[in-house]
Amino acid sequence: MPELPEVETVRAGLAAKLVGARVIKIDIADPRSLKRHLLGPRHFVDELIGQTFEAVVRRGKFLWLPFSDSRAMVGHLGMSGQLLLRTPNYPEDRQTRVVIHAETAQGELVEVRFVDQRIFGSLAIEDLVETVDNQPGGFSPEAPASNLIPVVVAHISRDLLDPDFDPKTVASKMSKRASGIKRVLLDQKLLSGIGNIYADESLWLAKLHYDQPANTIRVSKLLELIEIAKQVLERAVLQGGTSFDEQYKNVNGDSGYFSQSLNAYGQAGKACPRCGGQIERKAWANRGSHFCPRCQRLKT
DNA sequence: AGAAAATCCTGCCGGC
DNA sequence: TGCCGGCAGGATTTTC
């Protein structure tokens with residue numbers, strides 16, 4: 001799925017119900033969704049039953065729900081994961097892999113349904129460690145800021161919407177990479193939150209070709225690209241993310257509306273809204289890159 | 001160490 | 001109608 005705007009939409013939806021919620025029961029329909037919990041599904045269940053979630057935190061595309069100072073349930077949606085909040089009698093959702101039954105702080109019974117067609121996503125329980133800079137581990141406005149972060153997320157860089165994200169340092173690192181700029185934008189160890197949609201959209205706005213080597217782009221231009229990408233993510237969060245099929249929905253099963261704002265992604269064959277050229281889709285790194293060959297030229 | 005490719009999966013869609 | 005290739009919002013591991 002799901003890039004930062006979609007994951008943030010899910011995070012906010014979960015936080016509204018799950019802060020202070022206690023886990024009652026867990027159903028595992030497909031243990032492959034717990035493959036990142038190395039001690040096995042049984043251990044996952046035993047550890048989580050009876051625990052109370054203290055917050056719902058996000059960094060980049062990772063989510064976690066701390067339930068003590070030392071542990072959290074970590075979720076990643078992969079390409080097709082969803083976390084749906086349902087009432088217990090709500091009809092079954094297709095491809096439901098794990099269901100966490102909980103009682104909210106208000107005494108309501110809810111089900112958190114982890115739905116995932118391709119099973120690239122996962123849930124796991126992870127230890128929390130302190131951030132290296134002692135700043136907050138991630139975004140969680142409903143709960144007191146904490147400098148803790150799950151070990152499996154610690155190597156992911158701060159995302160573009162993080163107040164402690166440092167554009168200058170990141171632009172400088174980018175300018176030393178020989179890879180194409182799109183590959184660099186997607187490197188979550190450099191900056192997190194951007195995926196295929198928002199990479200293509202940001203590059204279109206910046207008039208950069210996806211294969212332009214990052215080390216051939218001026219640092220000032222890289223800073224501009226970072227700022228553009230940040231604005232794209234912010235606007236997409238306001239629209240509830242991008243939905244164009246059944247694979248991304250918010251916690252209520254509703255679509256986001258940023259797809260109406262797309263200029264390049266998924267627009268192959270259509271006119272470039274800027275220059276009137278024809279948007280192309282090119283096979284790229286096992287997926288696709290969408291761009292305008294007329295106003296996003298590879299510079300030598 | 002950095003870069004690129006391979007891998008983990010299921011389902012839908014269009015073309016023949 | 002049915003089969004097959006192509007395609008899908010990602011991260012990690014492997015290989016060079």
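No hydrogens, no waters, no symmetry mates; every other heavy atom, side chains included, goes into these values. Numbered from 1 within each chain, the chains take letters A, B, ... in sequence-line order.
Note on ring orientation: taking the six-membered ring where Trp is involved, the planes of A:His37 and A:His43 are parallel (angle under 30°, cut-offs 30° and 60°). Aromatic ring pairs are classed by plane angle as parallel below 30°, tilted from 30° to 60° and perpendicular above 60°; the pair A:Phe291 and A:Tyr210 is perpendicular.
Nearest to the side-chain atoms of A:Arg97 among the listed nucleotides B:dT10, C:dG9, C:dT12 stands B:dT10. Among the nucleotides C:dG9, B:dC9, C:dT12, the one closest to the side chain of A:Ile156 is C:dT12.
Judged by closest nucleotide on DNA chain C, A:Ala283 is the one of A:Ile194 and A:Ala283 placed further toward the 5' end. Mapping A:Ala285 and A:Arg118 onto DNA chain B via the closest heavy atom, the residue that lands nearer the 5' end is A:Ala285.
Rounded to a whole angstrom, the distance from the P atom of B:dC9 to that of C:dT14 is 15 Å. With both ends at atom P, the span from B:dC13 to C:dG9 equals 16 Å, rounded to whole Å.
For residues 286-300 of chain A, no pair satisfies salt bridge (charged side-chain N to carboxylate O under 4.0 Å, His left out), with sequence neighbours left out. For residues 8-30 of chain A, the salt bridge (charged side-chain N to carboxylate O under 4.0 Å, His left out) pairs, not counting sequence neighbours, are A:Glu8-A:Arg11, A:Glu8-A:Arg58, A:Arg11-A:Glu142, A:Lys17-A:Glu108, A:Arg22-A:Glu103, A:Lys25-A:Asp27, A:Asp30-A:Arg32, A:Asp30-A:Arg97.
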Quick one: which protein N/O atoms are closer than 3.5 Å to N/O atoms of nucleotides 12-16 of chain B? Pair and distance per line, please.
| unit_1 | atom_1 | unit_2 | atom_2 | d |
| --- | --- | --- | --- | --- |
| B:dC12 | OP1 | A:Arg94 | NH2 | 2.6 |

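In C:dG6 the O4'-C1'-N dihedral to the base is more than 90° from 0, which defines an anti nucleotide.
Under the stacking definition used here (centres under 5.5 Å, planes under 30°), the residue A:Phe120 fails to qualify as stacked on the base of B:dC9.
Across all strands, A:Lys35 comes closer than 4.0 Å to no nucleic acid atom at all (heavy-atom distances). When heavy atoms are screened at a 4.0 angstrom cut-off, A:Ala178 is found touching the sugar-phosphate backbone but no base atom.
A salt bridge links A:Asp187 with A:Arg177; the closest basic N to acidic carboxylate O contact falls under 4.0 Å. Salt bridge annotation for A:Asp166-A:Arg158: absent, with no cationic side-chain nitrogen under 4.0 angstrom from a carboxylate oxygen. Ion pair A:Asp93/A:Arg86 flagged as a salt bridge, since at least one NZ, NE, NH1 or NH2 atom sits closer than 4.0 Å to an Asp/Glu carboxylate oxygen.
Residues A:Lys173 and A:Thr169 bring no donor and acceptor atom of their side chains to less than 3.5 Å of each other. With no hydrogens or angles considered, a side-chain donor-acceptor pair links A:Glu6 and A:Tyr198 at under 3.5 Å. A:Thr96 and A:Glu92 share no donor-acceptor pair across their side chains, judged by distance under 3.5 Å alone. Inspection of the A:Ser80 and A:Asp116 side chains reveals an N or O donor paired with an N or O acceptor under 3.5 Å.
Residue A:His155 places at least one side-chain N or O closer than 4.0 Å to OP1 or OP2 of C:dT12. Residue A:His76 has a polar side-chain atom (N or O) positioned under 4.0 Å from OP1 or OP2 of C:dA11. Of the side-chain N and O atoms in A:Tyr198, none sit less than 4.0 angstrom from OP1 or OP2 of C:dG9.
Counting to the nearest Å, the C1' atom of C:dG9 and the CZ atom of A:Phe62 are 14 Å from each other. As rounded to whole Å, 19 Å separates atom C1' of C:dG9 from atom CZ of A:Arg11. Going from atom CD of A:Gln82 over to atom P of B:dG11 covers 14 Å, rounded to whole Å. One interatomic measurement links the two molecules: CD1 of A:Ile197 to P of C:dC7, which rounds to 17 Å at whole-angstrom precision. Rounded to a whole Å, the CG atom of A:Asn286 is 11 Å from the P atom of C:dG9. Residue A:Met79 contributes atom CE, which lies 16 Å from atom P of B:dG11 at whole-angstrom precision. Here the P atom of nucleotide B:dG11 and the CG atom of A:Asp245 are 14 Å apart, to the nearest Å. A:Asp116 places its CG atom 11 Å from the P atom of B:dG11, with the value rounded to the nearest Å.
Of all heavy-atom pairs spanning A:Pro41 and A:Ile28, the tightest one is CB-CD1, 3.7 Å. Nearest heavy-atom pair across A:Ser243 and A:Ser255 is OG-CA, 3.3 Å.
In this structure the side chain of A:Val19 never reaches within 4.5 angstrom of the side chain of A:Leu65, judged on heavy atoms. In this structure, A:Ser122 and A:Leu34 have side chains that are not in contact, with every pair of non-hydrogen atoms separated by 4.5 Å or more. Put simply, the side chain of A:Gln296 reaches to within 4.5 Å of the side chain of A:Leu203, judged on heavy atoms.
For A:Arg287 against C:dG10, a side-chain-to-base donor-acceptor contact under 3.5 Å is present.
Shown for residues 179-193 of chain A: residues whose heavy atoms fall under 4.0 angstrom of DNA chain B, namely A:Ser179, A:Arg183. Sorted by residue number, the list of members of residues 218-239 of chain A with any non-hydrogen atom under 4.0 Å from DNA chain C is empty.
Pairs of Watson-Crick or G-U wobble type, with distances under 3.5 Å, assemble into runs of 3 or more in DNA chain C at these ranges: B:2-8 with C:10-16, B:10-16 with C:2-8.
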